[in-house]
Amino acid sequence: MAGKIRIRAQQQGDYTEVKALMRHPMETGLRKDQAGEPIPAHFIEEVTVTHKGNVVMHAYWGAAVSANPFLGIQFEGGAPGDEVAVVWTDNKGETGEGTTKIR
Amino acid sequence: MGMTIIKSFTFTMSVLTAMIVQAQEGIFDEYREMMGDDNPAVFVIDEGEEYWFAPAGPKQATLAECDLGLGPGVLEGAYAYLPRYFEDAGRVMDLEARLEFCMVELQGRSREDIHAKPYSLRGDQGTEMEALAAFIVDQSSAVAVSPSQDRPEERAMYALGEELFYYRAGPHDFSCATCHEQAGMRIRLQDLANLDSHEGAAGAYTSWPAYRISEGVVRTMGWRMRDCLRQQRLPELVMGSPASVALQTYLAVNAAGAELAAPGLKR
């Protein structure tokens, strides 16, 4: 059920706080299942946060990030009502996206 | 002289260990605070809702009419009254036993099918049972734990649970009480509560089922019982078995009155 993002953006005075929780297994590729078979790597590689279409954060992630990762960032220049989006792409080319309005 | 050095060394070591433990707990509390409402269990709750309304089994029926004790399909608050006696089944059931009953009765599924893999193994993203448990317990949020003890069967379950809690067995001669009878003690870095006290049982019982960060899945209270019996070096606990129901009844009754805050967030 990869793909889901729960995202919230809140204006805190002169900056906007974005919190995003992503549904993703974040498999390192180094683990074995109960039967001893390797579990294939499956993790988010890139995460982008945009504010009204402009990139405010772009990150490269790897296998060391936890399952169902939580991202918290702050940026300046936002205002209540503006749209904020979070998009990720993983090593299998799958993507996830979530949008919200700044509250 | 040599003795003094060794003594002060061990003293320093224990102070250090205490500091490390404090720091660890602090970090975890900080983490919990930072996560706020962002417990990854929110995804699992949604998945549980999908399972609840999805036709399954030979009868291609949903669980929507499953009676968790407050009437067919009534979910709000239902978890808080479990374990309880069910007339139609003729026995006391915990959530997992009851879900199994509904899967068999409503959906026509077999016991083998339901018990094949109730809990996630390494690499799994969650099971139907885990998702249903998260979905159902969420609808008893802030409801006081109120297991019925009106019927003799329910009181007998509590008595059995208490007996099991103190029953020493296995290669190390452990009982639950060996690890869980004193407050303020810990194993590895885990603080262990006194589950025989209201306060200790309440803290534990109201926070399960829970999302376990170390495993990336929601674990049920039945799983918690099974994993502790494993730590006790006893045979694998069967989901929904009288032993599982008894232990949960014991904890629920000890915790009675405390408000549920599950799914919780565990290390």
Side-chain angles (χ1 to χ4, degrees), chain A residues 1-12 15-44 47 49 61-74 84 86 88 90-92 94 96-98 100 103, chain B residues 27-54 115-132 134-135 138 209-219 223 226-227 230 236 263-267:
Chain A
M1 233 162 277
K4 280 193 195 164
I5 303 183
R6 174 182 148 108
I7 167 171
R8 284 178 299 166
Q10 202 158 27
Q11 196 60 26
Q12 308 273 18
Y15 66 89
T16 306
E17 180 160 57
V18 181
K19 291 180 171 178
L21 186 66
M22 306 165 211
R23 182 72 163 138
H24 202 285
M26 298 302 287
E27 271 301 340
T28 60
L30 302 173
R31 295 204 306 165
K32 290 186 173 143
D33 67 16
Q34 230 77 6
E37 295 300 319
I39 306 169
H42 189 197
F43 53 84
I44 294 173
V47 189
V49 181
W61 279 6
V65 176
S66 83
N68 302 317
F70 175 68
L71 171 76
I73 66 151
Q74 299 167 354
V84 170
V86 177
W88 56 254
D90 68 22
N91 66 323
K92 292 188 179 176
E94 291 167 358
E97 182 170 356
T100 190
R103 290 192 314 129
Chain B
I27 284 168
F28 193 71
D29 286 344
E30 232 175 80
Y31 179 87
R32 238 191 284 237
E33 189 156 315
M34 197 173 70
M35 296 288 281
D37 298 333
D38 287 301
N39 182 338
V42 294
F43 296 121
V44 186
I45 291 168
D46 288 350
E47 287 155 20
E49 184 171 16
E50 283 165 25
Y51 278 119
W52 184 259
F53 292 109
H115 282 261
K117 191 159 83 170
Y119 310 134
S120 289
L121 300 178
R122 208 178 312 125
D124 291 333
Q125 296 306 297
T127 64
E128 177 187 17
M129 195 54 85
E130 289 161 352
L132 286 169
F135 169 58
D138 181 53
Y211 180 83
R212 286 195 99 214
I213 296 156
S214 54
E215 299 178 300
V217 293
V218 165
R219 292 303 196 179
W223 174 88
R226 176 187 280 195
D227 201 58
R230 180 190 61 77
E236 186 169 274
L265 189 63
K266 302 280 171 179
R267 67 144 185 115

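The chains referred to below are lettered A, B, ... by the order of the sequence lines, with proteins before strands, and numbering in each begins at 1.
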Does [X] pair with [Y] as a salt bridge, N-O distance under 4.0 Å?
{"X": "B:Arg230", "Y": "B:Glu236", "answer": "no"}
{"X": "B:Asp38", "Y": "A:Arg6", "answer": "yes"}
{"X": "B:Arg219", "Y": "B:Asp227", "answer": "no"}

Heavy-atom contact with chain B under 4.5 Å, split by part of [X]:
{"X": "A:Met26", "result": "neither"}
{"X": "A:Leu21", "result": "both"}
{"X": "A:Arg31", "result": "side chain"}

- Taking every heavy-atom pair that is under 4.5 Å apart, which of A:Lys32, A:Glu27, A:Arg8 has the most such pairs with chain B?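 Highest number of heavy-atom pairs under 4.5 Å: A:Arg8.
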
Contact part of B:Val217 toward chain A, heavy-atom cut-off under 4.5 Å: side chain, backbone, both or neither?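 Neither; nothing under 4.5 Å.
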
Side chain from CB out, backbone as N, CA, C, O: work out which of these in B:Asn39 comes under 4.5 Å of a heavy atom of chain A, or both, or neither.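 Looking at B:Asn39, just its backbone touches chain A.
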
What are the two closest non-hydrogen atoms of [X] and [Y], and how far apart are they?
{"X": "B:Trp52", "Y": "B:Leu132", "answer": "N-CD2, 3.7 Å"}
{"X": "B:Gly216", "Y": "A:Asn68", "answer": "O-ND2, 3.6 Å"}
{"X": "B:Leu265", "Y": "B:Pro40", "answer": "CD1-CD, 4.1 Å"}

### Task
Look at B:Val42, B:Val44, B:Asp124 and state which one has the largest set of heavy-atom pairs under 4.5 Å with chain A.
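Looking at each option in turn, the highest pair count goes to B:Val42.
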
